[in-house]
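These numbers were taken from a predicted model, which means no experiment stands behind them. Below, each value reflects all heavy atoms present in this structure, side chains not excepted, and no hydrogens, waters or symmetry copies.
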Amino acid sequence: QVQLVESGGGLVQTGGSLRLSCVASERTFSRYTMGWFRQAPGKEREFVAAISWAVGSTVYADSVKGRFTISREYARNTIDLQMDSLKPEDTAVYYCAAAPSVGPFRTETLYHIWGQGIQVTVSS
């Protein structure tokens, strides 16, 4: 079974940067959309960003647009999320996910494969 593994989370101060990575266990995502979602304490999981693996098209939530950048790297079979100008409200568990279509998509229910999640904490 294909697995997604996130890395790169941690604790950072307001205004700082972190880079999350998501590695797929198999090279099967050429026609997938890869996305990042997050869930803050007491809140529902929400869309952050997505990229079409084949085309490279991207889409972002309004709350992160201009601060976060999603990218893909074929050689490492990896999706990265560069997070700059971080705010305390960005604190959440971040999840990598894959949807079996070109996309990109914001809709959570289209994503069928999920990583375990990784904690990002932004201190004020």
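V12 and Y94 fall within the same hydrophobic cluster, where Ile, Leu, Val, Met, Phe, Trp and Tyr residues are linked whenever their side-chain heavy atoms come under 4.5 Å apart, directly or through other members. Residues V59 and W53 fall into different hydrophobic clusters, defined by Ile, Leu, Val, Met, Phe, Trp and Tyr side chains chained together at heavy-atom separations under 4.5 Å.
Legend: side-chain hydrogen bond (donor to acceptor under 3.5 Å, both in side chains) pairs involving residues 7-20, not counting sequence neighbours, sorted by first then second residue: S17-D84, R19-D80, R19-Q82. Counting only residues at least two apart or in different chains, salt bridge (charged side-chain N to carboxylate O under 4.0 Å, His left out) contacts with residues 99-119 comprise R45-E108.
The two residues A50 and T33 have their closest heavy-atom pair at CB-CG2, 4.0 Å. Contact record, A98 with Y32: CB-CD2, 3.7 Å, taken as the closest heavy-atom pair. Here the shortest heavy-atom pairing between W36 and C22 reads CZ2-CB, 3.6 Å. Of all heavy-atom pairs between F105 and A99, the closest is CD1-CB, 4.2 Å.
Here the side chains of I118 and L20 are in contact, with some heavy-atom distance below 4.5 Å. Considering only heavy atoms from C-beta on, Q116 stays 4.5 Å or farther from V5 through its side chain. Between L81 and V48, the closest side-chain pair of non-hydrogen atoms falls below 4.5 Å. H112 is listed as a side-chain neighbour of P100, based on a closest heavy-atom distance under 4.5 Å.
Within a 6.0 Å radius of CD in Q119, other residues, nucleotides and ligands contribute more than 12 heavy atoms.
Checking side-chain atoms of Y60 against main-chain N and O of R67 turns up no donor-acceptor pair under 3.5 Å. In this structure, R72 contributes its side chain and I79 its backbone to no donor-acceptor pair below 3.5 Å. Judged by distance alone, the side chain of T58 and the main-chain N or O of I51 form no donor-acceptor pair under 3.5 Å. Side chain of N77 to main chain of V23: no donor-acceptor pair is present (N/O by atom type, distance under 3.5 Å, no hydrogens or angles). Although no hydrogens or angles enter the test, the distance criterion places a donor-acceptor pair under 3.5 Å between the side chain of E6 and the main chain of C96. Judged by distance alone, the side chain of T121 and the main-chain N or O of L11 form no donor-acceptor pair under 3.5 Å.
Side chains of E89 and T91: no donor on one and acceptor on the other come within 3.5 Å.
Taking the six-membered ring where the residue is Trp, Y95 and W114 present perpendicular rings, their angle passing 60° and hence far from 30°. Note: F47 and F37 have perpendicular aromatic rings, judged against thresholds of 30 and 60 degrees for the angle between ring planes.
With rounding to the nearest 0.5 Å, the separation of CG in L4 from OG1 in T78 is 10.5 Å. Of the inter-residue distances, the one linking R76 atom CZ with S21 atom OG reads 5.0 Å to the nearest 0.5 angstrom. The CZ atom of F68 sits 9.0 Å away from atom CG of L18, with the distance rounded to the nearest 0.5 Å.
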Test log, rule side-chain contact (heavy atoms from CB on, under 4.5 Å), inputs M34 and I70: CA-CA 9 Å; M34 305 298 294; I70 189 170; 5.6 Å; no
Passes side-chain contact (heavy atoms from CB on, under 4.5 Å), E46 versus Q39? Steps please. CA-CA 6 Å; E46 64 175 4; Q39 187 168 21; over 6 Å; no
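A salt bridge does not link K87 with D90: every distance from a Lys NZ or Arg NE/NH1/NH2 to an Asp or Glu carboxylate oxygen is 4.0 Å or more.
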